[in-house]
Amino acid sequence: MLQSLNPEQRRAVEHFEGPCLVLAGAGSGKTRVLTTRVCHLVMEHGVPPDRILAVTFTNKAAQEMRERVVSMLGGEPKGIWMSTFHALGARLMRRHAPGLGWTRAFTIRDADQSLREIKKAQKSVDVDPLQCSPRAVRDRISDAKNHLIGVEEFRETYAGRDLFLSRVAIVYGAYQEALKRQDAMDFDDLLVLPVRLFENNPELLSRYRQLFSFILVDEYQDTNRAQFRLLELLAADHRNLMVVGDDDQSIYGWRGADIRNILDFEKSFPGAEVVRLEQNYRSTPVILGAANVVIRQNVDRKAKTMRTDVVGGAPITLVEAASEADEGRWIVEEIERLMLANPEYDHSDFAVLYRTNAQSRALEDRFRLRGLPYQIVGGVRFYERREIQDVLAYLRLISNPRDMDGFDRVVNYPRRGIGKTSLGRLAVFAREAGIDLFEAAGRGEEVPGLVPGARRGLKEFAGLIGRYRERGGLLTAGEILEELIEELDLESRLRSEGPDGRERAENVLELIAAARDFEAEQVMELDEGDRDAFTDLDLFLQHVALVTDLDFHDSVADAVTLMTLHSAKGLEFPVVFISGLEEGLFPLLRSYEEPRLLEEERRLFYVGITRAMERLYMTHARRRRRAGETMFGRLSTFVNVLADRVETKSTDLVSGSWTGYGRRGRESTQSQPSRAPTDYAGSPDDGSDFNQDRPRYVKGERVVHQTFGSGTIAEISGFGRDLKVAVDFDTAGRKKLLVRYAGLERDYL
DNA sequence: CGTAATACCCTTTTT
DNA sequence: GGGTATTACG
C-alpha cells in the first residue's frame with residue numbers, strides 16, 4: 001500500500017492520532033494520500049470503517065474517494081461516512097431535525113428557491129426590492145449564516161448602524177421563519193443547523209465525537225466558518241483530524257471560505273504535524289515553472305515551490321485574437337491540428353477554461369460549427385431548468401405539504417384558470433379559517449368570491465396532490481413522476497410548444513429516467529426506522545438538491561471539456577486552454593477593489609495553469625461582447641510575469657491563413673498594454689463602448705456631482721451600461737447613481 | 001385570466 | 001444579447 005508513495009506522502013499516510021495538516025500542492029497526489037490513509041487506518045490500525053468521517057466539497061470528489069478506497073480494500077468499507085459537507089449536514093439533520101423544529105423529512109431549497117423566498121419575505125416585511133435587491137439580501141444572509149451569525153446577533157450588530165443591513169436583519173428573520181414554517185432548509189442551514197444542534201446538545205455531541213474517531217477533510221482551504229466550527233466541535237476531544245489542502249488554491253473566498261482556516265491550522269490545533277507535498281506528478285517543468293512564477297506574486301500564502309521530475313515539455317503559447325469568435329475558432333482549429341499531429345490524443349484530453357460561464361456561448365458556437373464534440377460543465381444546470389423545476393415542484397409538494405414555494409409554482413401549471421386574484425382570495429380565506437393554502441384549495445367551494453373556473457381548478461389541484469400524497473410511501477419517485485406526467489399530459493403539452501418545447505419534453509423524460517435509476521442508498525445508508533421516516537421520494541429530492549452539474553462531467557467521454565476555472569479545480573488534462581485573459585475579465589473588474597480579491601483571482605489563474613499536464617495555451621481577445629456591449633480589453637496583467645516564458649501568436653487572418661506564428665513573446669506582450677482601444681480596426685469611437693480593463697471608479701474614491709457635491713464611492717454594482725455607484729455625499733447622504741447619467745467627476749481636492 | 005409587450009437584470013465563480 | 005419578471009391590453 002505504501003510502496004509507491006514518496007517519503008512525504010508516506011508520512012501523511014502513516015500519521016495516526018492527533019491533528020495533521022497536509023499542505024498538498026497542485027498535482028501532488030493528495031487524493032491518493034487521503035484514500036491510502038483511510039485504508040491504512042482500517043488495515044493497519046484496525047479502525048472500524050464506521051468510525052471514520054471523510055469530508056469533501058463536491059460529490060464527485062467523495063465518489064472518487066469512495067471508489068478508490070473500495071478498490072484498494074477490495075470491497076466496500078461498511079459504514080464509512082464519506083460525503084460532502086452538505087450531505088453530511090443533511091444526513092445529520094435527517095436524524096435530528098426534530099430537536100430543532102423541523103421534521104426529518106424536511107425539504108432542501110436551492111439558491112433560486114431561496115431567492116424567491118427572500119422576495120416573499122421582503123414583501124411580507126415591506127422591504128422595497130428596488131432599494132434592497134433581493135439578490136444582495138440573499139447573499140448577505142447567506143454570508144451571515146456561513147459565519148454562524150444568527151438572526152438575533154445580526155440584528156443587534158446592525159440595528160440603527162447601517163440602513164441596508166438593518167433591513168436585511170428584518171428580512172433574515174422573516175425568511176428564516178418562513179423556511180421553518182414550510183419545513184424547509186436552505187444550503188447554508190445544512191451546515192449551520194448541525195452546529196447549533198451540537199452546541200445545544202452536549203450529550204449528542206459526545207456521541208458523535210466517539211462515532212467519528214478519525215476525521216479527514218479534503219480541500220480544507222475552502223472551508224468556511226460554519227464548516228470549521230463543525231469540525232472543531234467534532235474533533236475537540238480526540239483531535240484526530242487530518243486536513244488536506246492548498247492555500248494557493250483557495251478560490252471560494254466569495255462564498256465565505258476563510259483562507260485563515262488553513263493558514264492558522266497550527267494555531268487552532270497546536271502540536272499539529274505538518275506535511276508538505278511539493279512534488280508534482282502532473283505537469284511539465286515549463287508549465288510548473290509558469291505556475292510557480294505566477295503564484296509567487298501573492299503575499300498572503302505559505303511559501304512553497306512545486307518541483308517535478310518530468311523533463312522537457314512544449315512551450316506555453318499565448319494567443320491574441322481579434323474577437324471572442326476568433327478566439328474560439330483558433331482554439332477549435334488548434335485542437336484539430338494537435339489531434340492530427342498527435343494520434344494519441346483523444347477529445348477528452350482537452351479542456352477549455354474560462355472565468356465566467358457567459359464565455360461558453362461563443363466557444364460553443366465555434367465547436368458546433370466545426371462539429372468538434374464538446375461537453376459544457378456548469379452554466380444553466382439541468383435541475384435548474386424551468387420544466388424540471390416545475391415537475392420537481394410537484395414532487396416537493398407531494399413530499400412536503402408545507403412547501404409553499406412548490407405550491408405557488410404549480411398551482412396554475414398547467415393552466416387551471418387560477419390567477420393572481422383567485423390566489424389572493426384563497427390566501428384571505430386560508431388566513432381567516434386558520435388553515436394552510438393547500439387545505440384551503442381543497443375547500444375551494446367555501447372560498448368567497450371565486451369564479452367557478454378557479455374554484456374547480458383549485459379542487460382539482462388539491463385532489464391531485466392529495467391522491468399522490470396518500471400513496472407517497474408506496475410508490476418510488478420514478479413511479480410517481482411517470483404517472484404524474486402522464487396524468488398531466490405534460491409531455492405532449494411541452495412538445496406542442498415548438499422546438500424549445502421538444503427539448504423540454506426530452507429533459508422531462510431524462511428526469512424520469514434519473515428518478516427510475518435512483519436508489520435511496522445513494523443518498524445515505526438507511527438506519528433502522530428510516531424506512532418509516534422517509535419515502536423514496538424524500539430522498540430523491542435530497543439527491544436532486546445536492547447534486548450539481550459538475551457531477552455529470554464525464555472525464556472519459558469523447559469530447560472536449562468546456563468549464564469555468566472554478567469547476568476545473570481538482571481535475572487535470574493533457575492540454576489546457578485558458579481563454580479570455582483580458583484585464584477586466586480575468587482578473588475580473590471588481591477584484592481591483594481589494595488586494596485580497598486580486599490575490600484570489602491570481603490563485604484562480606494558478607489553478608488553471610496547474611490543470612495542464614503537457615500543453616498549455618493562453619488566449620485573449622481584443623474585442624469581446626459582454627452583456628450586449630462591445631468591450632475592449634488588453635492582455636491580462638497576470639501574464640506579464642510570464643512574458644519570457646511564452647510564445648506569442650496572433651490569429652489575424654491574411655488571405656485565409658493564420659499568421660504571426662513564432663513571434664517571440666517579450667516585446668509583443670509588453671507592448672500590448674500601451675495600445676489604445678481605438679487602435680483596433682472597426683472600433684467605433686462614439687463613446688458607447690467601454691474599455692473593460694480599468695475600473696473607472698474605485699471604492700473609496702472621491703467624486704463630485706453637479707447637485708450633490710463631493711462624496712466618496714461606497715459601492716459599485718452592475719457594469720457597462722448599467723454600472724451603478726453608491727456615493728456617500730458629504731452633505732446629501734448616500735445616493736445610488738447610474739454612472740451613465742450621473743456625470744461624476746473625480747474630486748482632486 | 002391569458003397573452004403580448006416592456007422593463008430590467010445580468011455576468012464571477014457553487015454546495 | 002438573452003432571459004425572466006412585471007405591466008398593459010384583449
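Because the structure is predicted, anything quoted here is derived from the model rather than measured. Every heavy atom of this structure was used, including side-chain atoms; hydrogens, water molecules and symmetry mates were not.
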Nearest listed nucleotide, side chain of A:Y252, among C:dA5, B:dT14, B:dC1 = B:dT14
task = Taking only the side-chain heavy atoms of A:T356 (C-beta and beyond), determine which of B:dT15, B:dT12, B:dC1 contains the nearest atom.
result = B:dT12
Whole angstrom value for the distance that separates [atom2] of [N] from [atom1] of [X]:
X	N	atom1	atom2	answer
A:I259	B:dT13	CD1	P	21 Å
A:Q359	B:dT13	CD	P	10 Å
A:L597	B:dT13	CG	P	15 Å
A:R385	C:dG3	CZ	P	11 Å
A:Q63	B:dT15	CD	C1'	16 Å
A:R138	B:dT12	CZ	P	13 Å
A:E582	B:dT11	CD	C1'	14 Å
A:H566	B:dT15	NE2	P	11 Å

ask   = What nucleic acid atoms does A:L550 come within less than 4.0 Å of, heavy atoms only: base, sugar-phosphate, or nothing?
value = sugar-phosphate
inquiry  = What contact category does A:T421 fall into here, base, sugar-phosphate, or nothing, at under 4.0 angstrom with non-hydrogen atoms?
reply    = sugar-phosphate
task = Examine the base of B:dT11 for any acceptor or donor lying under 3.5 Å from a partner atom in the side chain of A:R626, and report the outcome as yes or no.
result = no
message = Between the base of B:dT13 and the side chain of A:R355, is one N or O donor paired with an acceptor at under 3.5 angstrom?
response = yes
With a cut-off of less than 4.0 Å, is there a side-chain N or O of [X] near OP1 or OP2 of [N]?
X	N	value
A:R135	C:dA5	no
A:T564	B:dT13	no
A:N357	B:dT14	yes
A:S422	B:dC1	yes
A:S567	B:dT13	no

Partner of A:R109 by side-chain hydrogen bond (donor to acceptor under 3.5 Å, both in side chains), out of A:D186, A:D403, A:D189 = A:D403
task = Assign each of A:R361 and A:K420 to its nearest nucleotide of DNA chain C by heavy atoms, then name whichever residue's nucleotide is nearer the 5' end.
result = A:R361
message = Which is more 5' along DNA chain C, the nucleotide nearest A:R625 or the one nearest A:R386? Just name the residue.
response = A:R625
Please examine the side chains of [Y] and [X], heavy atoms only from C-beta on, and report whether any two atoms are closer than 4.5 Å.
X	Y	answer
A:D258	A:N224	no
A:E387	A:E503	no
A:E582	A:S636	no

5' priority, DNA chain B, between A:F85 and A:L423 [closest heavy atom] = A:L423
inquiry  = For A:Y252 and A:H566, I'd like to know if the aromatic rings sit close, meaning centre-to-centre distance below 6.0 Å.
reply    = yes
message = Angle between ring planes, A:F407 versus A:F461, binned at 30° and 60°: parallel, tilted or perpendicular?
response = perpendicular
remark   = Heavy-atom nearest pair, A:N357 first then A:G378, reads OD1-C, 4.1 Å
task = Indicate the atoms forming the closest heavy-atom contact of A:T637 with A:E583, along with that distance.
result = N-OE2, 2.6 Å
Ring centroids of A:F57 and B:dT15 base under 5.5 Å with planes under 30° = no
Is there any protein nitrogen or oxygen under 3.5 Å from a nitrogen or oxygen in nucleotides 2-8 of chain B, and what are the pairs?
residue, atom, partner, partner atom, Å
B:dG2, OP1, A:G417, N, 3.4
B:dG2, OP2, A:N412, ND2, 3.3
B:dT3, OP2, A:R415, NH1, 2.8

